[in-house]
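Input: a single structure, listed below in structure tokens.
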Amino acid sequence: MNLATKNTTIQNEIFTLTNQRALFWKKEKALILSDLHIGKTAHFRKNGIALANHIMKNDLERLSILIEYFKPEKFIVVGDLLHAGDNSDVDEFCIWKNQYSNIKFYLVEGNHDRISKTLVQKLGLDFRANQLKINDFVFVHDFDKSIEGFQITGHIHPGVVLNSTVKKIRLPCFVQTENQLLLPAFSEFTGLDTKNLPKGGRFYVFTDSEIHEI
């Protein structure tokens with residue numbers, strides 16, 4: 001895995017964007033990401049669609065590399081940690097997570113996060129709510145005009161279309177505006193929304209080896 005980084009300043013704080021679909025906030029020692037959709041492949045298999053479980057394993061391997069690189073004390077998921085409740089993929093995720101019991105685990109709930117009290121204990125969540133506020137920043141799954149403060153969000157799975165001489169290329173991205181930072185979906189097993197994106201923002205598009213501002 002090639003790891004590329006690019007710093008951006010928000011409210012006088014430095015955040016590090018990565019080409020691995022995650023964000024690091026150095027001051028808070030927090031690794032931040034959205035839309036893991038753990039359990040999506042198991043859900044498809046349960047419904048008769050054959051998918052290999054290496055898709056989730058690849059996501060978790062990328063996440064392990066990011067943890068080893070940044071050495072975070074907090075792990076903040078900005079919604080849609082899960083895809084369809086509890087299943088065999090969630091069991092694998094919990095086994096993986098147990099390697100990092102020293103990291104505080106914060107979940108800002110998304111529309112897919114149907115989590116029972118039993119599942120909260122199983123996942124080992126240190127925090128679970130519809131939003132999380134740290135200093136001047138509010139973490140919420142989908143942008144909410146009624147919330148004051150700079151919002152760090154997910155949900156949309158943002159992407160852009162680039163025209164090449166051969167074909168159109170769709171790439172995931174971060175989008176930064178005056179009052180929002182929209183995160184890409186961490187899981188690679190997601191679609192891209194290239195239309196319903198914040199207006200007037202800076203787009204940070206990434207490939208396997210680089211990050212470009214457009």
Side-chain angles (χ1 to χ4, degrees), residues 5-28 30-38 40 59 63 66 72 74-84 104-115 125-162 170-206 211-214:
T5 62
K6 185 177 183 65
N7 288 342
T8 185
T9 301
I10 306 172
Q11 310 282 71
N12 298 315
E13 294 278 355
I14 296 175
F15 290 83
T16 302
L17 313 176
T18 78
N19 67 331
Q20 297 302 324
R21 303 171 178 243
L23 176 74
F24 184 66
W25 185 4
K26 184 176 181 180
K27 182 179 178 181
E28 291 294 321
L31 185 63
I32 304 160
L33 48 123
S34 182
D35 297 277
L36 278 81
H37 288 277
I38 297 295
K40 188 173 183 178
D59 286 341
L63 192 46
L66 288 167
K74 301 184 184 78
F75 179 44
I76 301 173
V77 179
V78 192
D80 287 357
L81 167 66
L82 305 183
H83 183 77
K104 296 291 184 182
F105 190 3
Y106 297 73
L107 174 61
V108 176
E109 290 185 305
N111 52 297
H112 279 274
D113 290 316
R114 299 189 292 274
I115 300 179
L125 300 178
D126 295 290
F127 175 92
R128 172 198 175 202
N130 291 326
Q131 60 177 262
L132 167 67
K133 185 171 184 180
I134 301 178
N135 301 333
D136 296 325
F137 298 92
V138 180
F139 298 86
V140 61
H141 186 52
D142 194 11
F143 185 79
D144 186 339
K145 292 181 180 179
S146 69
I147 295 175
E148 295 184 3
F150 190 95
Q151 297 181 43
I152 297 177
T153 70
H155 183 55
I156 292 178
H157 307 180
V160 296
V161 178
L162 302 179
R170 293 161 56 88
L171 295 172
C173 66
F174 295 85
V175 186
Q176 181 181 340
T177 70
E178 184 179 358
N179 56 3
Q180 179 186 11
L181 178 63
L182 173 60
L183 307 180
F186 186 80
S187 176
E188 294 182 342
F189 185 38
T190 57
L192 295 178
D193 188 336
T194 61
K195 296 179 180 179
N196 299 304
L197 304 180
K199 305 298 183 184
R202 300 206 302 269
F203 291 76
Y204 296 96
V205 179
F206 50 88
I211 302 175
H212 298 281
E213 181 180 348
I214 61 173

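Numbering of residues begins at 1 and proceeds along the displayed sequence.
The two residues P158 and P184 make their nearest non-hydrogen contact at CD-CA, 3.8 Å. Of all heavy-atom pairs between F24 and A30, the closest is CD1-O, 3.2 Å. Residues S187 and R21 share a closest heavy-atom pair of O-NH1, 3.3 Å. The heavy-atom pair separating N19 from I211 by the smallest distance is N-CD1, 3.6 Å. Nearest heavy-atom pair across V78 and S34 is O-OG, 2.9 Å. Between G159 and L197, the shortest heavy-atom contact is O-CD1, 3.4 Å.
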Worksheet entry | Candidate pair E188 and D59, rule side chain to side chain contact (heavy atoms under 4.5 Å, CB included), full reasoning | CA-CA 7 Å; E188 294 182 342; D59 286 341; 4.1 Å; yes
Discussion item. Please evaluate residues I76 and I134 with respect to the criterion side chain to side chain contact (heavy atoms under 4.5 Å, CB included), reporting the C-alpha separation (whole Å), side-chain torsions for both, the decisive distance (0.1 Å), and the verdict.
Written reply: CA-CA 11 Å; I76 301 173; I134 301 178; 4.0 Å; yes
Worksheet entry | Audit row: F75, L63, side chain to side chain contact (heavy atoms under 4.5 Å, CB included) steps and yes/no | CA-CA 11 Å; F75 179 44; L63 192 46; 3.6 Å; yes
Item to complete: Determine, stepwise, if the pair F174 / L182 fulfils side chain to side chain contact (heavy atoms under 4.5 Å, CB included).
Response: CA-CA 6 Å; F174 295 85; L182 173 60; over 6 Å; no
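K74 places a side-chain N or O within 3.5 Å of a backbone atom of E28 that can act as its donor or acceptor partner. A donor-acceptor pair under 3.5 Å links the side-chain atoms of R128 to the main chain of I115, judged by distance alone. Panel note: side chain D126, backbone Y106; no donor-acceptor pair is recorded below 3.5 Å. Distance alone, capped at 3.5 Å, is enough to place a donor-acceptor pair between the D193 side chain and the K195 backbone.
Distance CG/L192 to SG/C173: 8.0 Å, rounded to 0.5 Å. In this structure, the separation between CZ on F137 and CD on E13 is 5.5 Å, given to the nearest 0.5 Å. How far CD1 of I214 is from CZ of R202: 12.5 Å, rounded to the nearest 0.5 Å. Summarising the geometry, atom CG belonging to L36 is positioned 9.0 Å from atom CG belonging to L82; distances are rounded to the nearest 0.5 Å. One distance of note links CZ of F15 with CG of L181; it measures 7.5 Å at 0.5 Å rounding. Rounding to the nearest 0.5 angstrom, the gap separating the CG atom in L17 from the OH atom in Y204 is 6.5 Å.
With H157 as reference, D35 is the one residue of T194, D80, D35 to meet the side chain to side chain donor-acceptor pair (under 3.5 Å) rule. Exactly one residue among N111, T153, D113, N130 makes a side chain to side chain donor-acceptor pair (under 3.5 Å) with H141. That residue is N111.
A donor-acceptor contact closer than 3.5 angstrom links the side chains of T177 and N179.
Ring orientation note: the planes of W25 and F139 are tilted relative to one another, at an angle of 30° to 60°.
Taking the side chain as every heavy atom from C-beta outward, D144 and Q151 approach each other to under 4.5 Å. For the pair F206 and T18, the minimum side-chain heavy-atom distance is 4.5 Å or more.
Heavy atoms from other residues, nucleotides or ligands lying under 6.0 Å from CD1 of I147 number more than 12.
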